[in-house]
Amino acid sequence: MSSIKAFWPNYIDGEWVDGGAGRIDVINPGTGEKLAEQAAADAADVDRAVQAAQRVHISGVLSGLRPVERGRMVQAMGRFLLTHIDEIAEVLTLEQGKPLWESRIEIEGAARYFEYYGNQAETVEGRSIPLGADYFDFTTYEPYGVSAQIIPWNYPVEMTARSLSAALATGNTVVIKTPELTPLTNAWFAHAAESVGLPKGTVNILCGLGHTAGAALSAHPLVNQIVFTGSVPTGIAIATAAAQNVVPCVLELGGKSAAVVYDDADLDAFTNDVRWGIFFNAGQVCSAMSRVIVHESVHSELLERLSAMASDLVVQPGIESPEFGSNMGAMVSEAQRDRAFKMVDQAIHQGGKAVIGGNKLNRPGAFLEPTILDVAPDVTIAQEEAFAPVLSVLKFQSDEEAIRIANGTPYGLVGGVFTKDINRATKVARDMRAGQIFVNEWYAGGVETPFGGYGKSGYGREKGREALWNYVQTKNIAIKLA
């Protein structure tokens with residue numbers, strides 16, 4: 001393992017700079033020890049970054065490029081990440097806690113966004129509208145300008161890539177506010193922007209506390225569009241600030257996503273899906289399979305299968321897991337771990353049963369056992385997001401009851417149905433209140449498929465071609481012919 005540098009600055013207008021709000025300690029959740037210090041931005045730092053991004057936008061140096069040329073630069077940023085995957089993955093694991101092999105998957109996913117949206121850059125086309133012989137009318141798409149992007153701590157590389165690549169492909173400039181818990185790996189996006197020749201000020205990356213830097217960025221009058229992934233309360237605060245400036249937002253917020261499992265489902269395959277759906281990244285995934293709603297006839301059998309799978313998982317610091325396998329890393333922080341632990345304890349007091357796990361590990365670091373709970377639908381943890389390696393299993397008798405339970409929370413990010421009956425699967429997919437439905441495979445789809453929520457899971461879509469429309473606005477031009 002290489003040594004990690006002690007101090008990580010912000011990147012504003014093409015320069016590496018300290019922060020006006022001091023420094024933030026970045027903790028390695030696998031050990032509980034201090035990993036590095038990160039510069040903390042204040043409102044003045046945010047203003048300099050936004051001013052730089054606006055300057056580049058107004059100059060037209062990016063938006064005026066032929067789209068294929070801009071797209072090639074975006075693609076090259078993804079290739080830069082892959083070239084440096086070994087060093088990025090190590091830092092990502094040390095700051096976030098996930099196994100090293102999971103970090104590599106995240107970086108590969110980030111590169112895929114740059115590849116995909118780089119390829120899409122020259123496909124954002126307007127249309128001609130027939131108004132009769134006396135007019136020539138057409139539409140064109142223009143970038144909003146300065147895109148403010150507030151990044152979550154659970155996938156700091158992939159989530160940044162998701163919004164940054166689409167924004168750049170459509171000609172916007174960007175100010176990124178990195179997460180306080182996992183800010184370090186975002187530095188490679190600055191290096192990538194420099195390596196492909198993006199003008200200074202096109203990409204600005206800074207870290208700071210949410211109530212200072214985050215608030216200043218979301219309320220800045222020169223910001224033209226905001227992308228946020230995170231909690232519902234923070235999303236509401238950001239949307240409220242944006243509304244004061246009449247600025248559009250894309251919000252990906254909480255989830256309490258359900259998999260409905262019928263008695264004819266392939267339980268072997270489903271058990272493997274649960275391993276990915278709730279224990280990947282220690283369950284710290286917005287679209288995690290946090291609820292399983294299983295037909296009562298296979299409820300006991302499924303609990304046995306899931307318990308055996310969870311008991312085989314080795315929980316250890318992510319840096320000790322370089323290879324794919326039955327292992328799980330730390331949660332991102334002890335505070336997050338303790339919050340989840342309290343929710344598990346509350347569920348047991350509310351009548352739920354811990355089938356397996358539910359305890360903190362007796363070792364340094366932010367570790368929680370892989371946990372499976374047998375609970376009723378009204379138990380708090382079956383309603384609220386734990387964001388942890390904790391699965392709530394509920395039983396149902398009828399199709400109507402399964403849908404009622406699945407739709408019984410204020411969230412609607414993703415959902416799933418597992419059955420051999422395609423008619424039943426189609427009906428459940430139709431009736432489930434969520435933005436993306438997986439049938440017989442959790443996390444089916446990819447960069448190409450649109451992603452976003454219903455209800456308190458937010459609004460707007462990321463991934464797929466739909467995401468591009470978040471970053472452009474339509475202009476209509478009507479010409480009266482002589």
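Each residue takes its place number in the sequence, starting with 1. Source: prediction; values computed, not measured. Computation of the quantities below employed the complete heavy-atom set of this structure, encompassing side-chain atoms and omitting hydrogens, waters and symmetry-equivalent molecules.
Between Ala382 and Pro377, the shortest heavy-atom distance links the atoms CB-O, 3.8 Å. Between Val375 and Gly352, the shortest heavy-atom contact is CG1-CA, 3.9 Å. In plain terms, the two heavy atoms of Ile293 and Ala258 that are nearest each other are CD1-CB, 3.6 Å. Here the closest non-hydrogen pair linking Ile176 and Leu164 is CD1-CD2, 4.2 Å. The nearest pair of heavy atoms linking Ala265 to Val261 is CB-CG1, 3.8 Å. For Glu122 against Pro67, the heavy-atom pair with the smallest separation is CA-CB, 3.7 Å.
Under the 3.5 Å distance criterion, with hydrogens and angles disregarded, a donor-acceptor pair is assigned to the side chains of Ser147 and Gln225. A side-chain donor-acceptor contact under 3.5 Å links Gln316 and Ser321. Under 3.5 Å, the side chains of Glu369 and Asn359 contain a donor-acceptor pair of N or O atoms.
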Subject >> Steps toward side chain to side chain donor-acceptor pair (under 3.5 Å) verdict (Thr123, Gln120) >> reply: CA-CA 5 Å; Thr123 71; Gln120 297 287 329; 3.2 Å; yes
Subject >> Ser326 and Asp312: CA distance, side-chain angles, deciding distance, side chain to side chain donor-acceptor pair (under 3.5 Å) verdict >> reply: CA-CA 7 Å; Ser326 296; Asp312 285 341; over 6 Å; no
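The local environment of NZ in Lys353 is sparse, with at most 12 non-hydrogen atoms from other residues, nucleotides or ligands closer than 6.0 Å. Atom NZ of Lys456 has 12 or fewer heavy atoms from other residues, nucleotides or ligands within 6.0 Å.
Screening residues 248-262 for salt bridge (charged side-chain N to carboxylate O under 4.0 Å, His left out) gives Arg162-Glu252 as the qualifying pairs, with residues at least two apart or on separate chains. Among residues at least two apart or in separate chains, there is no salt bridge (charged side-chain N to carboxylate O under 4.0 Å, His left out) pair with a member in residues 397-422. Applying the ring pair (Phe, Tyr, Trp, His ring centres under 6.0 Å) rule to pairs touching residues 294-351 yields Trp101-Phe324, Trp276-Phe324, His295-Phe396, sequence neighbours excluded.
For the atom pair CD1 (Ile372) and OG (Ser311), the distance works out to 8.5 Å, reported to the nearest 0.5 Å. Atom CG in Leu391 sits 8.0 Å away from atom CG in Leu373 (nearest 0.5 Å). A distance of 12.5 Å separates CE in Met328 from CZ in Phe280, rounded to the nearest 0.5 Å. The line from CZ of Arg70 to OH of Tyr117 is 15.0 Å long, rounded to the nearest 0.5 Å. Atom CD1 of Ile27 is separated from atom CD of Glu334 by 9.0 Å, given to the nearest 0.5 angstrom. Ser257 OG to Trp442 CH2: the interatomic distance, rounded to the nearest 0.5 Å, is 5.0 Å.
Residues forming a side chain to side chain donor-acceptor pair (under 3.5 Å) with Gln350 (at least two apart in sequence, or on another chain): Thr380. Applying the side chain to side chain donor-acceptor pair (under 3.5 Å) criterion to Lys34, with sequence neighbours excluded, gives Asp25, Glu37. Taking Glu296 as the reference, Gln397 meet the side chain to side chain donor-acceptor pair (under 3.5 Å) condition, with sequence neighbours excluded.
Judged by distance alone, the side chain of Arg339 and the main-chain N or O of Ala386 form a donor-acceptor pair under 3.5 Å. Side-chain atoms of Asn10 come within 3.5 Å of backbone atoms of Cys207 as a donor-acceptor pair (strictly under, hydrogens ignored).
Using a 4.5 Å heavy-atom cutoff, the side chains of Pro317 and Arg363 are in contact. The shortest distance between side-chain heavy atoms of Leu168 and Met77 falls below 4.5 Å. Two residues are said to be in side-chain contact when any heavy atoms from C-beta on lie closer than 4.5 Å; Val91 and Trp8 meet this criterion.
Remark: Glu448 engages Arg112 in a salt bridge, criterion side-chain N to carboxylate O under 4.0 Å. Remark: Asp374 does not engage Lys395 in a salt bridge, criterion side-chain N to carboxylate O under 4.0 Å.
Tyr155 carries Lys98 over the face of its six-membered ring, with the cationic atom under 6.0 Å from the centre and within 45° of the normal.
A centroid separation of 6.0 Å or more is found between the aromatic rings of Phe80 and Trp188.
Screening Gln284, Glu95, Glu180 for a side-chain contact (heavy atoms from CB on, under 4.5 Å) involving Trp153 leaves a single residue, Gln284.
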